[in-house]
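Written out below as C-alpha cells is the structure these notes cover.
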Amino acid sequence: MSNQVDINYLDRCVELAAEALESGNPPFGSVLVDANDNVRYEGHNLTAGGDSTQHPEFAIARWAATNMTPEERAESTVYTSGEHCPMCAAAHGWVGLGRIVYASSSEQLSTWLDDMGVAQPPVATLPINSVVPNVTVEGPFPEQAEAIQLLQKQYHAGR
Ligand SMILES: Nc1nc2[nH]cnc2c(=O)[nH]1
C-alpha cells in the first residue's frame with residue numbers, strides 16, 4: 001500500500017534524478033529507507049564517467065550488503081525514480097532487500113526512448129518481477145513519472 005510517505009520519497013528520487021542530470025549523468029535517483037523510516041543511503045546515476053554499472057539501485061544493494069543485517073535489508077524499502085534494470089533487480093534480490101517503489105516503469109522509459117528516436121538500452125527492459133519474482137513492487141506513479149519523462153527529454157536533447 002502506498003501513502004504520502006511513499007510519495008515524499010519518490011519526490012526525493014525525482015530531485016536526485018534532476019541532480020544527476022545537472023552533473024551530466026542520466027536522470028535516475030534512488031533512496032534506501034529502513035523499517036524505522038530512516039534514510040540509510042541515497043544517490044543518483046554516476047555513469048557519465050564511463051562505468052555503465054554505476055546505477056544508484058546497484059550502489060544501494062552493495063551498500064546494504066556491507067552495512068545492514070539480512071533482517072534490516074528485508075524490512076527496508078528502495079524508492080527509485082525509474083524501475084530497476086535487470087542488473088539492479090538481480091543485485092536487489094541477491095542481497096535480500098525488501099519492497100521497491102518506483103516512479104516510472106521500464107516500459108514507460110522504453111516508449112519514451114522510441115518517441116525520442118533514441119536507441120534502446122543494451123539490457124532488456126524487463127519488469128522487476130520477471131527477474132525477482134518475490135519482491136513486492138509498486139509503481140508507476142503518474143505525477144512523478146511525468147517529471148521523469150521531462151528530465152529524460154532534457155537529457156537526450158542535450159546529447
Ligand atoms: N533504473 C535505472 N535504469 C537505468 N537505465 C540506465 N541507467 C539507469 C539507472 O541508473 N537506473
Side-chain angles (χ1 to χ4, degrees), residues 2 6-7 9-33 39-65 73 76-159:
S2 298
D6 289 342
I7 299 290
Y9 284 126
L10 285 178
D11 286 341
R12 177 65 186 142
C13 291
V14 174
E15 272 177 20
L16 289 163
E19 285 176 25
L21 185 67
E22 280 157 26
S23 56
N25 293 286
F28 295 94
S30 312
V31 180
L32 172 64
V33 180
V39 173
R40 301 293 296 272
Y41 187 101
E42 60 175 26
H44 63 65
N45 181 297
L46 288 167
T47 61
D51 177 355
S52 298
T53 69
Q54 296 266 0
H55 296 186
E57 302 95 325
F58 199 49
I60 281 175
R62 302 200 77 187
W63 185 91
R73 279 178 248 154
S76 68
T77 300
V78 175
Y79 295 91
T80 190
S81 63
E83 183 174 6
H84 287 45
C85 78
M87 169 185 75
C88 297
H92 183 102
W94 280 119
V95 304
L97 280 163
R99 185 171 73 114
I100 294 175
V101 184
Y102 65 77
S104 58
S105 69
S106 297
E107 190 182 350
Q108 285 176 312
L109 176 62
S110 185
T111 305
W112 299 337
L113 294 175
D114 278 347
D115 290 348
M116 292 186 285
V118 173
Q120 293 292 322
V123 173
T125 44
L126 300 172
I128 290 167
N129 281 143
S130 304
V131 181
V132 278
N134 297 325
V135 172
T136 301
V137 180
E138 291 174 50
F141 288 75
E143 199 177 309
Q144 287 74 20
E146 202 178 312
I148 292 301
Q149 183 179 15
L150 210 61
L151 294 175
Q152 283 287 337
K153 280 186 180 159
Q154 288 169 4
Y155 177 71
H156 288 287
R159 293 175 65 79

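What you see is a predicted model, and the numbers here were worked out from it, not measured in a lab. Counting convention: from 1, in listed order, for ligands and their atoms alike. Side chains are part of it too, since the values below use all heavy atoms of this structure and drop only hydrogens, waters and symmetry mates. Numbers for residues simply follow the sequence, beginning at 1.
I148 is listed as a side-chain neighbour of W112, based on a closest heavy-atom distance under 4.5 Å. At a threshold of 4.5 Å between non-hydrogen side-chain atoms, the residues T80 and I60 do not count as touching.
In terms of polar-atom proximity, defined here as any N/O pair under 3.5 Å, T80 makes no such contact with ligand 1.
Checked by atom type and distance alone, the side chain of E83 pairs as donor or acceptor with a backbone atom of I128 at under 3.5 Å. A donor-acceptor contact shorter than 3.5 Å links the side chain of N25 to the backbone of T47.
Side-chain contact annotation: S110 with Q120, donor-acceptor N/O pair under 3.5 Å present.
For ligand 1 and G82, the ligand atoms under 4.0 Å from any heavy atom of the residue are 1 (N). Heavy-atom proximity to P56, at under 4.0 Å, picks out these atoms of ligand 1: 10 (O).
Heavy atoms of E57 found under 4.0 angstrom from ligand 1 belong exclusively to the side chain.
Residue P121 places no heavy atom under 4.0 Å from ligand 1.
The shortest contact between atom 9 (C) of ligand 1 and any protein heavy atom is with F28 CG, 3.3 Å. The shortest contact between atom 10 (O) of ligand 1 and any protein heavy atom is with N45 ND2, 2.9 Å.
Note: H84 and H92 have perpendicular aromatic rings, judged against thresholds of 30 and 60 degrees for the angle between ring planes.
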